[in-house]
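We number each residue from 1, following the sequence as shown. Everything numeric in this text was worked out from a predicted model, so none of it was measured. Below, each value reflects all heavy atoms present in this structure, side chains not excepted, and no hydrogens, waters or symmetry copies.
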Amino acid sequence: MERKNRKYFPIFVDLSDKKVVVVGAGTIAKRRVRALVDFTGHLFVIAPEINPELRELEEAGKLTILRKKYEREDVSDASIVIAATNDRRLNQEIYAACKEMGIPVNVCNDRTRCDFYFPVLVCDDTIVAGISSGGRDSAGSRRIADQIRELLGEPEKRSMPADRWYRMNSSQAISVSDIEECPAFEDGSGNDSGNGSGRSRMADSVWNARKREDFTDKENLDLLQTQADIPPNVRFVRIYTDGAARGNPDGPGGYGVLLKYRDASGLVHELEFSKGYVKTTNNRMELMAAIVGLEALNHPCEVQLYSDSQYLVNAFNQHWLDNWIKNDWKRGRNETVKNVDLWKRLLAAAAPHQISWNWVKGHDGHPENERCDTLATGAADGEDLIEDIVL
């Protein structure tokens, strides 16, 4: 049977005395840890750098952290292994080692290298339920999980985002969703920090979700009508972006991004990104905002991107990029196009998607644009600034 059509047998395993190893300590790894921490007393996390939440679990005696780079010996005596680094080659190396040693392994971001899936998990004191579609119907899995929560007496949990983890008192349910059961957004999108090679963008992002009634009737109708025209295998996402620079072009700057996605149950998910740079330009921050927004998508999507930068929008809508590429990134009389490094990165990020590039007037009361402006200027004025390296 082809892997994509395989059915995975649901089996409940006692992990209390089994060694479970998670390689990586970024956002995806953190979700795996959250799902496992109450089921095993021998949970090990391997990564050179650890985020604060995992450190808190370590201090509480819930897990053991090995602050080091992965070595093959680290998994030799494990019962199961989760490879959740931002390095795909390293994840494949871990997979190969586990297969050779006969250890069940789950490789994040690669369903072809998963001996098991993490389900949408619903628990209370007596019931543990796991729902998985093998990645084929994530919305359906979440709907079923919601129905189970209702049976457990927790209908209000339906308004919660499906990809968050909730810890309540012993009479309440917890919800843990695996990455393969999530919508278009992939935490870290291949850049999840975990084995020391890079910092996760999710460190600077915030998930939140609101119930349908929190939106205006016009916004609800607009989103639902747009999504109704999209084929079932294509996800619709709106991305709002803005860039800012102080003392352009010689001062600090930052970008702000807001992503919106409505899942099949009517829940609207929002994801924000922002980052500040020591010295940059407004145009580079406008490009970075679009890049970060698109790179956050893990699947091909129907995208409506909104920006108040004509520099960004016109490059696509007026085919400036086509001419620049045709002329080997030259414009006019052999003048080199500025920000070629970011334009190339943006083209690569845009390639998997169907994108509508939309210009909105800045500082004109557009709520999402105003929010992105606040994120961008706040990042530019912040203290945790990094270097804008031109490649």
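Linking ILVMFWY side-chain heavy atoms closer than 4.5 Å, directly or via other members, places Leu385 and Phe273 in two distinct hydrophobic clusters. Cluster membership check: Trp343 shares its hydrophobic cluster with Ile325, using side-chain heavy-atom separations under 4.5 Å among Ile, Leu, Val, Met, Phe, Trp and Tyr.
Side chain of Asp364 to main chain of His366: no donor-acceptor pair is present (N/O by atom type, distance under 3.5 Å, no hydrogens or angles). Looking at His353, its side chain does come within 3.5 Å of a backbone N or O of Cys301 through a donor-acceptor pair.
Between Ile291 and Leu342 there is a side-chain heavy-atom pair separated by less than 4.5 Å. For the pair Asp38/Lys62, a side-chain contact is recorded, criterion being any heavy-atom separation below 4.5 Å from C-beta on. In this structure, Val45 and Glu58 have side chains that are not in contact, with every pair of non-hydrogen atoms separated by 4.5 Å or more. Looking at heavy atoms from C-beta onward, Tyr255 lies in side-chain contact with Val257 at the 4.5 angstrom threshold. Looking only at side-chain heavy atoms (C-beta outward), Leu312 and Leu346 come within less than 4.5 Å of each other. Annotation: side chain of Arg238 is not in contact with side chain of Glu368 (no heavy-atom distance under 4.5 Å). Between Trp324 and Val340 there is no side-chain heavy-atom pair separated by less than 4.5 Å. For the pair Asp308 and Asp242, the minimum side-chain heavy-atom distance is below 4.5 Å.
Remark: Ala376 pairs with Ala244 by the side chain to side chain contact (heavy atoms under 4.5 Å, CB included) rule, at least two apart or across chains. The side-chain hydrogen bond (donor to acceptor under 3.5 Å, both in side chains) search around Ser356 returns Asn358, not counting sequence neighbours. The ring-ring contact (aromatic ring centres under 6.0 Å, His included) test applied to Trp357 returns Phe316, not counting sequence neighbours. With sequence neighbours left out, the side chain to side chain contact (heavy atoms under 4.5 Å, CB included) criterion links His319 to Asp322. Considering only residues two or more places apart in sequence or on other chains, Glu387 meets the side chain to side chain contact (heavy atoms under 4.5 Å, CB included) condition with Val278, Ile389.
Of all the heavy atoms in Ser76 and Ile103, the pair that sits closest is O-CD1, 4.1 Å. Here the closest heavy-atom approach between residue Pro48 and residue Lys69 is recorded as CG-CG, 4.0 Å. When all heavy atoms of Tyr311 and Trp320 are compared, the closest pair comes out as O-CZ3, 3.9 Å. Minimum interatomic distance between Lys330 and Thr336 (heavy atoms only, all atoms of both residues): NZ-OG1, 3.1 Å. Here the shortest heavy-atom pairing between Leu54 and Ile50 reads CB-CG2, 3.6 Å. Nearest heavy-atom pair across Gly130 and Leu121 is CA-CD1, 4.4 Å.
Among pairs with a residue in residues 97-108, those fulfilling salt bridge (Lys or Arg N to Asp or Glu O under 4.0 Å) read Arg72-Glu100, Lys99-Asp115, at least two apart in sequence or across chains.
The aromatic rings of Tyr117 and Tyr8 sit tilted relative to each other, their planes meeting at an angle between 30° and 60°.
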* Going through the checks in order, is the side-chain hydrogen bond (donor to acceptor under 3.5 Å, both in side chains) test met by Thr281 and Asn283? -> CA-CA 5 Å; Thr281 68; Asn283 282 342; 5.7 Å; no
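Within 6.0 Å of atom NZ in Lys18, more than 12 heavy atoms from other residues, nucleotides or ligands are found, so the atom counts as buried in its surroundings. Heavy-atom neighbours of Lys338 NZ from other residues, nucleotides or ligands within 6.0 Å: at or below the threshold of 12.
Evaluated for a side chain to side chain donor-acceptor pair (under 3.5 Å) with Asp388, the options Arg284, Lys279, Lys275 yield exactly one hit, Arg284.
With a 6.0 Å cutoff to the six-membered ring centre and a 45° limit on the axis angle, Arg32 counts as a cation-pi contact of Phe118.
With no hydrogens or angles considered, no side-chain donor-acceptor pair links Asp87 and Thr85 at under 3.5 Å.
For the pair Arg371 and Glu272, the salt-bridge criterion is met [side-chain N within less than 4.0 Å of a carboxylate O].
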